[in-house]
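Within every chain, numbering begins at 1; the chains are lettered A, B, ... in the order of the sequence lines, protein sequences first and strands thereafter.
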Protein chains: 2
Amino acid sequence: MQKQHNLSKNQKIIFDLIDKAGEPMKAYSILFNVQKKGIKAPLQVYRALDKLVEIGKIHKIESRNAFIACQNSNCQISKATAFSICENCEKVSEISSSKLSKYLSNFVDHSGMKFSKYNLEFFGLCKNCK
Amino acid sequence: MQKQHNLSKNQKIIFDLIDKAGEPMKAYSILFNVQKKGIKAPLQVYRALDKLVEIGKIHKIESRNAFIACQNSNCQISKATAFSICENCEKVSEISSSKLSKYLSNFVDHSGMKFSKYNLEFFGLCKNCK
DNA sequence: TTGTAAATGTTATATTATTACATACCGTTA
DNA sequence: TAACGGTATGTAATAATATAACATTTACAA
């Protein structure tokens, strides 16, 4: 069983927005969308984002500076993330392949270093854009 | 044999700097370092960086917004990159494991999508920081 | 030698993210 | 319940990263 994280007010507002969007959102677009709810400053957004990333409710798509809700709803894999990104339409999907995650989690580099975390971003054209 | 890219003046100045550094450099730190050579504006730096990334002479470390010279000197793998990043000292190494690159280049997701490119960043503690 | 793609120069501005400081909230435990 | 500590919030200012728009120059193949 996972630890339950009770989201604070701002965290909940921002998580709900990103979750409903179903696609990556950028910080200032989030800010714009939550201003009517009383969140007025970038820092309020970034603080909530930091926390949500930390507890695995959302992930940052590093190559896009954007945030997407975790699509592996019940299993918080915030330390082993993989995404597919369409270079045409920018659609992003989280990849949940236990084979892939096992392979990468067990990967050891030539110096014998083992890793506690990874992030993988695949690029290509999605079904619709091909 | 690879295609030879003759670097332009700015590209060469900036590549040499990054290459000598042997570690990731940020755009504005690069700018600061090349001002004495006549490169005065951010855009001049970013244009050179874009080109160098495109031809595989450098890679962007997405999670750090920084650029490092390709360490696989002769084989330009700019479409299949993997790095190890120490979360303590920020040391970054390029991983060149043909097994890993084969595995990832051939990876197909559940929808049958195959990818033309990937970037993988591993995190952990390096030998010195452990 | 001329057409064209690539590269350069310059100014301004957009976008992304953090620092610093003050205050409020919430659960624990003395 | 009062005091404490950790977490969250509010606000203003600013730092850091990146691009737009436009003018000009260079490299080089046709």
Original post:
Where the side chain of B:K51 is concerned, which of C:dA20, C:dA7, C:dT10 is the nearest nucleotide?
Top reply: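 For B:K51, the side-chain atoms sit closest to C:dA7.
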Subject >> Of the listed nucleotides D:dT17, C:dA7, C:dA17, the one nearest the side chain of B:Y46 >> reply: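 Comparing D:dT17, C:dA7, C:dA17 against the side chain of B:Y46, the answer is D:dT17.
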Original post:
Will you find, in the side chains of A:Q35 and A:N33, an N or O donor that is under 3.5 Å from an N or O acceptor?
Top reply: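 Absent: no donor and acceptor within the cut-off.
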According to a strict under-4.0 Å criterion, is [X] in side-chain N/O contact with OP1 or OP2 of [N]?
X	N	result
B:S8	C:dT8	yes
B:Q11	C:dA7	yes
B:K9	C:dA7	no
B:N65	D:dA18	yes
B:K26	D:dA16	no
A:N6	C:dC26	no
A:K40	D:dG10	no
B:N10	C:dA6	no
B:Q44	C:dG9	yes

Rounded to whole Å, please give me the gap between [atom1] in [X] and [atom2] in [N].
X	N	atom1	atom2	answer
B:R64	D:dA16	CZ	C1'	16 Å
A:Y28	C:dT16	OH	P	9 Å
A:L52	D:dT7	CG	P	16 Å
A:L49	C:dT15	CG	C1'	15 Å
A:L43	C:dT19	CG	P	10 Å
B:K37	C:dT8	NZ	P	14 Å
A:D50	D:dT9	CG	P	12 Å
A:K12	D:dT7	NZ	P	22 Å

Subject >> Position toward the 5' end of DNA chain C (nearest nucleotide), B:P42 or B:I39 >> reply: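 The residue whose closest nucleotide sits nearer the 5' end is B:I39.
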Original post:
Would you say B:L7 and B:L31 are hydrophobically clustered, going by side-chain heavy atoms of ILVMFWY under 4.5 Å?
Top reply: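 They do share one cluster, since a chain of ILVMFWY contacts under 4.5 Å joins B:L7 to B:L31.
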Subject >> Given DNA chain D, 5'-ward residue of the pair B:K60 and B:R47, judged by closest heavy atom >> reply: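 Looking at DNA chain D, the more 5' nearest nucleotide goes with B:K60.
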Subject >> Whether A:E94 side chain and A:Q71 backbone form a donor-acceptor pair below 3.5 Å >> reply: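 Judged by distance alone, yes, a pair lies under 3.5 Å.
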Original post:
Which word best sums up how the rings of B:F122 and A:Y118 line up, parallel for under 30°, tilted for 30 to 60°, or perpendicular for over 60°?
Top reply: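 Ring orientation, 0 to 90° scale: perpendicular.
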Subject >> Test log, rule salt bridge (charged side-chain N to carboxylate O under 4.0 Å, His left out), inputs A:D16 and A:K12 >> reply: CA-CA 6 Å; A:D16 286 347; A:K12 189 161 182 355; 3.0 Å; yes
